[in-house]
Amino acid sequence: MLHDEVYAPIVSAVADSARLPRWCSAAAEWGEFELLYAIDPADAQPCARALSQRGLNPLRVGHLVAGSELLLIDESGQRQELRNLLTRMRALDPAGSLLADLRALLAEGS
């Protein structure tokens, strides 16, 4: 689940002012990304300690599963199936009426 601390404050402010779910900022090419990596769950604690000792604050944002599911649990706990939605988001023209188009797309669902 993507908790509020995953998002930079400015990203949260922009999403909130545009009346869009925050997860949209992480769901397409225009996403808000830092560093994303995957580790074996057995190594999670030692990895988190090592990063913390270097002044970094790792956050768990998800887990990998077998299969073709592309699922995001948003900041409110809602499940968002993204496979079809991401393809449609990528087709939006950022030079056009992006916010209106994105709101309409989200209202349709995936």
Side-chain angles (χ1 to χ4, degrees):
M1 180 157 145
L2 293 180
H3 297 283
D4 287 339
E5 65 267 15
V6 171
Y7 303 100
I10 188 68
V11 172
S12 295
V14 169
D16 293 348
S17 70
R19 298 181 326 273
L20 291 171
R22 292 177 183 177
W23 64 262
C24 284
S25 67
E29 283 78 9
W30 54 71
E32 202 279 325
F33 302 101
E34 298 296 327
L35 174 63
L36 185 64
Y37 60 95
I39 59 170
D40 186 300
D43 297 327
Q45 291 296 359
C47 181
R49 276 193 303 276
L51 290 169
S52 293
Q53 289 170 351
R54 288 165 179 80
L56 302 172
N57 182 25
L59 296 171
R60 181 175 185 264
V61 297
H63 63 272
L64 299 174
V65 297
S68 61
E69 182 177 58
L70 183 55
L71 179 70
L72 179 138
I73 310 291
D74 70 17
E75 59 272 15
S76 69
Q78 298 273 337
R79 296 169 62 92
Q80 304 289 339
E81 169 49 58
L82 297 182
R83 182 162 313 285
N84 294 327
L85 186 58
L86 288 181
T87 301
R88 294 168 62 204
M89 286 173 77
R90 288 184 185 113
L92 296 178
D93 181 5
S97 56
L98 181 61
L99 284 178
D101 293 344
L102 188 52
R103 284 188 192 115
L105 180 62
L106 293 173
E108 292 174 22
S110 59

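What you see below is based on every heavy atom in this structure, not just the backbone, and it leaves out hydrogens, waters and symmetry mates. The first residue in the sequence is number 1, and the count goes up from there.
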Quiz item: Considering the options Asp101, Leu99, Asp93, which one meets the side chain to side chain contact (heavy atoms under 4.5 Å, CB included) requirement together with Ser97?
Solution: Asp101

Quiz item: What closest approach, in Å, do Leu106 and Pro21 show between heavy atoms, and which atom pair accounts for it?
Solution: CD1-CD, 3.7 Å

Exercise. With sequence neighbours excluded, tell me which residues meet side chain to side chain contact (heavy atoms under 4.5 Å, CB included) with Ser52.
Key: Pro58

Anything under 3.5 Å between a donor and an acceptor, one on a side chain of residues 9-17, the other on a protein residue two or more places apart or in another chain? List them.
{"unit_1": "Asp16", "atom_1": "OD1", "unit_2": "Arg22", "atom_2": "NE", "d": "3.2"}
{"unit_1": "Asp16", "atom_1": "OD1", "unit_2": "Arg22", "atom_2": "NH2", "d": "3.4"}
{"unit_1": "Asp16", "atom_1": "OD2", "unit_2": "Arg22", "atom_2": "NH2", "d": "2.6"}
{"unit_1": "Ser17", "atom_1": "OG", "unit_2": "Ala13", "atom_2": "O", "d": "3.2"}
{"unit_1": "Ser17", "atom_1": "OG", "unit_2": "Val14", "atom_2": "O", "d": "3.0"}

Practice problem: List the atom of Ala42, the atom of Asp40, and the distance in Å for their closest heavy-atom pair. | Solution: N-OD1, 2.8 Å

